[in-house]
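What follows is a structure written as structure tokens; I'll ask about it next.
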Amino acid sequence: MKSRLSLLPPGALTAGAVSFTVFAWASAFVSIRSAGSAYSPGALALGRLLTASVVLITLLLVRRVGLPPRGAWRGILISGLVWFCGYTVALNWGERLVDAGTAALLVNTGPILMALLAARLLGEALPPRLLAGMGVSFVGAVVVGLSMSGGGGSTSVLGVVLCLLAAVAYASGVVAQKPALSFGTPLQITAYSCLTGAVACLPFAGQLVAEVPEAPLSATLNMVYLGVVPTALAFIAWTYALARMPAGKLGSTTYAVPAVVVLLSWVFLGEVPAWLTLLGGVLCLAGVAVARSRPLAAARAAA
């Protein structure tokens, strides 16, 4: 397996990791809505992180990976507390108070914050193509959000604030995680960040124990899925890509999430999107393409 992967160009592996992460995180929005009807925000976050921790610990044992170096722990603790715990609880809570379109729109302010924080704290450049692509994608996210909003007054001020807090936590966690990858492997950083988040969510253990027997099987399976795919596997793929490209540029790829959510809902749920939703999805993807493109001269030089 390892030899086959080594034959692939590094860029192809990174693109594959990014694509898998986008699809997995897009599916998470649907699963959170489903499991959130039976589980409270904190209990759902704890169940998700405990499931992911079991998968990640198993991988650590199988691969005989030890503790991360000392230099990685600052980023691990910050990303674990802010991203794995804070983001998950805030998003779970926010999605109970606002519709899916509004939640997706608000959370998608994260890549903009990520690029700005990475430029300020990590010294990453903000090339015009990245800014232009993020602008196009953000317009697309706005269009998707408006087209998917129910318009029935379901949006609350608290829900908006929680989704914005989730976006800030997401951006801060990524920027904190980036330097840690200079010391540890993607599996190490992901596993111990997830364990940190799970420990931080332990105050919700009583709620989780009380809600599991009452929850329908579908909600529990969605919680397990959230832990295995969008958390354990997708975060490993994300950290793999983050170690190989700038945080701001990688963050811009997550603008494809709303478009993928629309596609998944269309294929698996039979929800035919309106033309305005399709237009927003196309804009999201176009913006990602612009943000990830290189100037013609640089592309010719690389060739």
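Numbering of residues begins at 1 and proceeds along the displayed sequence.
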Exercise. Hey, is the main chain of G36 close enough, under 3.5 Å, to the side chain of R96 for a donor-acceptor pair?
Worked result: yes

For this session: Determine whether the side chains of T14 and R244 contain a donor N or O and an acceptor N or O closer than 3.5 Å.
Result: no

For this session: Could you state whether V199 and L67 fall into the same hydrophobic cluster, counting links through intermediate Ile, Leu, Val, Met, Phe, Trp or Tyr residues with side-chain heavy atoms under 4.5 angstrom apart?
Result: yes

Problem set entry | From CD (Q177) to OG1 (T190), nearest 0.5 Å | 6.0 Å

For this session: Would you give the length of the straight line joining atom CG of L59 to atom CD1 of I236, rounded to the nearest 0.5 angstrom?
Result: 5.5 Å

For this session: Give a yes-or-no answer on whether the side chains of Y87 and S172 include a donor-acceptor pair shorter than 3.5 Å.
Result: no

Exercise. Would you find more than 12 non-hydrogen atoms of other residues, nucleotides or ligands less than 6.0 Å from Y225 atom OH?
Worked result: yes

For this session: Please state whether the rings of W73 and Y192 are parallel, tilted or perpendicular, taking 30° and 60° as the class boundaries.
Result: perpendicular

Problem set entry | Note, P230 side chain near R48 side chain (heavy atom, < 4.5 Å) | yes

Exercise. Do the side chains of L81 and W93 join up, straight or via other hydrophobic residues, at under 4.5 Å, putting them in one cluster?
Worked result: no

Exercise. Between the main-chain N or O of T185 and the side-chain N or O of Q188, is there a donor-acceptor pair closer than 3.5 Å?
Worked result: yes

For this session: Of all the heavy-atom pairs spanning V229 and A24, show the shortest one and how long it is.
Result: CG1-CB, 4.0 Å

Problem set entry | Non-hydrogen atoms of A180 and I76 that approach each other most closely | CB-N, 4.4 Å

Problem set entry | Closest non-hydrogen atom pair, L49 against C194 | O-SG, 3.6 Å

Seminar exercise, completed: CG of L195 to CG of L60, rounded to nearest 0.5 Å, is 7.5 Å

Exercise. Side chains of E211 and S40: do they bring a donor and an acceptor to under 3.5 Å?
Worked result: yes

For this session: Return the minimal non-hydrogen interatomic distance between A169 and V82, and the atom names on each side.
Result: CB-O, 3.2 Å

Problem set entry | Minimum heavy-atom distance between F84 and S193, given as atom pair plus value | CE1-CB, 3.5 Å

Exercise. Given the rule that I, L, V, M, F, W and Y join up when any side-chain heavy atoms are under 4.5 Å apart, are I57 and L50 in one cluster?
Worked result: yes

Exercise. Out of curiosity, T220 OG1 to L44 CG, how far, rounded to the nearest 0.5 Å?
Worked result: 10.0 Å

Exercise. Out of curiosity, does M223 fall in the hydrophobic cluster containing L202 (side-chain heavy atoms, cut-off under 4.5 Å, transitive links)?
Worked result: yes

Problem set entry | Shared hydrophobic cluster for W238 and F183 (ILVMFWY, side-chain gaps under 4.5 Å) | no

Exercise. Looking at W25, Y170, Y240, which hits ring pair (Phe, Tyr, Trp, His ring centres under 6.0 Å) with F235?
Worked result: W25

Exercise. Roughly how far apart are L226 CG and N92 CG, rounded to 0.5 Å?
Worked result: 8.0 Å

Exercise. Roughly how far apart are S79 OG and K178 NZ, rounded to 0.5 Å?
Worked result: 14.0 Å

Exercise. Between Y39 and V212, which heavy-atom pair has the shortest distance, and what is it?
Worked result: OH-CA, 3.7 Å

